[in-house]
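These notes are about the structure you will find just below.
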Amino acid sequence: MTRQLAVAQAPVRTAPATPPDTPAPGTPALGTPALGTAGLVTVLLGAFLPMLDFFIVNVALPTIDHDLAAGPAVLELVAAGYGIAFAVLLVLGGRLGDIFGRRRLFVVGAAAFALTSLACGLAPGAWSLVAARAAQGASAALLIPQVLGTITAATEGARRGRALSVYGAVGGISVVIGQVLGGMLVAADLFGTGWRSIFLLNVPFALLAVVLAVRYVPESRAARAARVDVPGTVLLTAALVSLLIPLMEGRAAGWPLWSWVLLALFPAFAAAFAVVERRAERRGDTPLVPPSLLRIPEMRRGLGIALPYFAGFGGFMFVIAVALQQGLRLGPVAAGWALVPMAVGYFSASLAGPRLIGRWGSRVLSAGAVVQATGLAALAVTVLADWAHFSPLRMAPGVALAGIGQGLIGTPLFRVVLAKVPAARAGVGSGVLATGQQSSLALGVATLGSLYLSLSPSLGMDRALALCLGIQLLGSFTILYLTTRLPRSIG
């Protein structure tokens with residue numbers, strides 16, 4: 001169905017709020033025990049579930065529509081409510097972990113994710129499902145920043161690099177697995193649960209993460225607690241909502257006046273947020289997003305790469321899924337399995353990533369951009385050459401190359417962004433990165449997805465798909481240019 005959419009180097013200055021005894025980057029926070037293997041597996045499990053749920057709902061939306069008589073606009077809210085709540089609360093989640101302890105917030109977030117997943121699985125109606133999905137996104141926003149924050153604060157050196165590489169791999173694999181697993185669960189109709197199983201499956205795994213975290217994850221927090229930046233939180237939320245709501249819901253609603261008003265307000269909210277944050281840091285307060293963090297070259301340039309990378313990744317996953325199900329009339333299971341070559345390519349590149357990064361540094365990202373561009377170009381040529389006989393087998397070389405390229409970019413990207421963030425500010429740094437990741441995913445799905453759905457009736461599905469792939473190809477060239485601005489060595 002057409003509406004099954006989810007969602008010049010300056011010197012680095014120390015922020016006034018950073019304590020003088022802040023450890024140097026690359027060392028665990030003072031008094032923080034090292035994160036062992038069991039603890040790393042635990043936090044990665046906590047990261048995998050929310051990332052999986054960002055996309056797993058896509059293939060279930062037609063069944064949800066049939067069971068709950070939701071209608072297309074409400075269906076988009078089922079997906080958008082999760083993504084918006086997730087994106088707008090991530091930085092706040094990172095700050096709360098800095099203040100109250102990252103393990104404590106991880107446990108609270110995982111328990112809340114289990115409860116809200118249960119509420120989604122038992123939702124009696126469409127609007128109750130929308131509310132439960134928004135609450136589920138909010139709980140994910142508590143959970144995810146603690147993962148990156150704990151890894152950054154409780155690991156050092158090569159171990160931190162490997163842990164961040166695995167985190168990047170988990171993020172990419174979870175997207176593809178979400179498409180495949182969602183289709184399989186809906187088709188299996190376990191115990192007559194139908195689409196509800198995609199949510200109920202989260203409950204035991206989230207509770208397992210709670211139990212393991214208490215035993216294996218060390219507690220860490222900022223050396224000096226800071227109050228929550230209420231004005232910054234309100235303005236950041238207003239800015240992201242004014243951008244994401246109309247992009248996600250405007251097309252479904254026919255682009256009414258309110259959607260254009262919200263889009264017009266976005267620059268004003270964003271500018272006000274920047275002004276408030278700069279003033280707060282000059283006063284010696286701790287803003288939600290300290291501008292001094294963005295003066296760290298690795299973070300600033302890494303976030304510049306993250307925008308086209310994640311936007312292209314999210315847009316690709318949606319557009320190719322719709323093209324396969326609507327254009328080729330594949331079922332959700334077959335459409336999901338068509339992306340297995342991408343998952344294999346991504347995972348293989350992720351496994352090789354740490355070794356390649358140790359030898360070649362940031363050139364690995366540049367190589368990834370070239371390989372990803374080659375895969376997208378090959379896929380576009382295949383689409384235009386013979387759409388009548390286009391099939392998962394014919395698309396396999398292109399999506400495999402794209403997956404390899406994405407793995408070579410995504411795996412070291414988290415290391416780049418967080419390499420020089422002080423351990424005491426790991427939570428807020430992780431929150432900024434996670435917000436950029438989720439907002440970019442949602443932005444890519446909304447923009448490329450809307451473009452594809454708008455153009456496919458007039459251009460045809462093949463040309464509309466090729467056009468979207470061409471736009472993503474430009475994104476790969478942008479990433480290639482930005483990677484040349486990174487330092488050769490990645491910490």
Side-chain angles (χ1 to χ4, degrees), residues 8-9 161 164-165 168-169 171-172 175-176 294 296-317 319-320 341-342 345-383 397-420 433 436-437 439-441 443-445 447-448 451 465-491:
Q9 186 166 342
L164 290 173
S165 295
V175 176
V176 181
L294 301 181
I296 299 174
E298 288 82 359
M299 169 160 272
R300 184 176 64 252
R301 293 169 184 170
L303 289 174
I305 294 171
L307 175 59
Y309 172 74
F310 287 114
F313 192 74
F316 177 89
M317 293 302 297
V319 169
I320 200 70
M342 172 181 280
Y346 193 107
F347 190 65
S348 301
S350 298
L351 290 178
R355 184 175 67 255
L356 295 174
I357 293 163
R359 181 173 182 180
W360 302 103
S362 62
R363 292 180 183 176
V364 174
L365 286 89
S366 302
V370 172
V371 175
Q372 177 180 258
T374 303
L376 292 171
L379 189 57
V381 169
T382 305
V383 168
V399 295
L401 283 174
I404 293 170
Q406 288 161 351
L408 292 175
I409 299 168
T411 299
L413 184 57
F414 294 89
R415 292 175 64 173
V416 170
V417 176
L418 298 175
K420 303 299 183 183
L433 173 56
Q437 177 187 13
S439 300
S440 298
L441 282 170
L443 187 64
V445 172
T447 52
L448 285 173
L451 179 66
L465 175 56
L467 177 61
C468 290
L469 292 172
I471 294 173
Q472 293 165 55
L473 188 61
L474 294 177
S476 297
F477 293 142
T478 302
I479 294 170
L480 176 61
Y481 168 74
L482 292 174
T483 59
T484 64
R485 308 287 295 171
L486 294 173
R488 166 72 186 276
S489 176
I490 298 177

(request) Start with the C-alpha distance between L443 and F310, add both sets of side-chain angles, then the distance that settles side-chain contact (heavy atoms from CB on, under 4.5 Å), and finish with yes or no. (result) CA-CA 9 Å; L443 187 64; F310 287 114; over 6 Å; no
Under the side chain to side chain contact (heavy atoms under 4.5 Å, CB included) test, which residues partner [X], sequence neighbours left out?
| X | result |
| --- | --- |
| A367 | none |
| L482 | I305, T478 |
| L401 | V371, T374 |

(request) Quick one: do T483 and I409 satisfy side-chain contact (heavy atoms from CB on, under 4.5 Å)? Show the steps, please. (result) CA-CA 9 Å; T483 59; I409 299 168; over 6 Å; no
(request) Output the distance between atom CZ (F477) and atom CD (Q372), rounded to the nearest 0.5 Å. (result)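 Atom-to-atom, F477:CZ and Q372:CD are 10.5 Å apart.
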(request) To the nearest 0.5 angstrom, please state how far the CG atom of L303 sits from the CG atom of L413. (result) 8.0 Å
(message) Can a donor-acceptor pair be found, under 3.5 Å and without considering hydrogens, that links the side chain of Y346 to the backbone of P341?
(response)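 No; judged by distance alone, with no hydrogens or angles, the pair does not exist.
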(request) Examine distances only and state if a side-chain atom of R301 and a backbone atom of L486 form a donor-acceptor pair shorter than 3.5 Å. (result)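 Answer holds: no.
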Please examine the side chains of [Y] and [X], heavy atoms only from C-beta on, and report whether any two atoms are closer than 4.5 Å.
| X | Y | answer |
| --- | --- | --- |
| L365 | I479 | no |
| I320 | L469 | no |
| L451 | V319 | no |
| L448 | F316 | no |
| I404 | S348 | no |

(message) Just to verify, what does S439 make a side-chain hydrogen bond (donor to acceptor under 3.5 Å, both in side chains) with, not counting sequence neighbours?
(response) none
(request) State which residues pass side-chain hydrogen bond (donor to acceptor under 3.5 Å, both in side chains) with S440; sequence neighbours excluded, sorted by chain then number. (result)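 S440 satisfies side-chain hydrogen bond (donor to acceptor under 3.5 Å, both in side chains) with no other residue.
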Specify the closest pair of heavy atoms between [X] and [Y], including all atoms of both residues, with the distance to one decimal.
| X | Y | value |
| --- | --- | --- |
| L376 | S476 | CD1-OG, 3.7 Å |
| A378 | G398 | CB-CA, 4.4 Å |
| G475 | P308 | O-CB, 4.2 Å |

(request) Report the C-alpha distance between M342 and Q406 in whole Å, list the side-chain angles of each, state the deciding distance to 0.1 Å, and finish with yes or no for side-chain contact (heavy atoms from CB on, under 4.5 Å). (result) CA-CA 9 Å; M342 172 181 280; Q406 288 161 351; 3.8 Å; yes
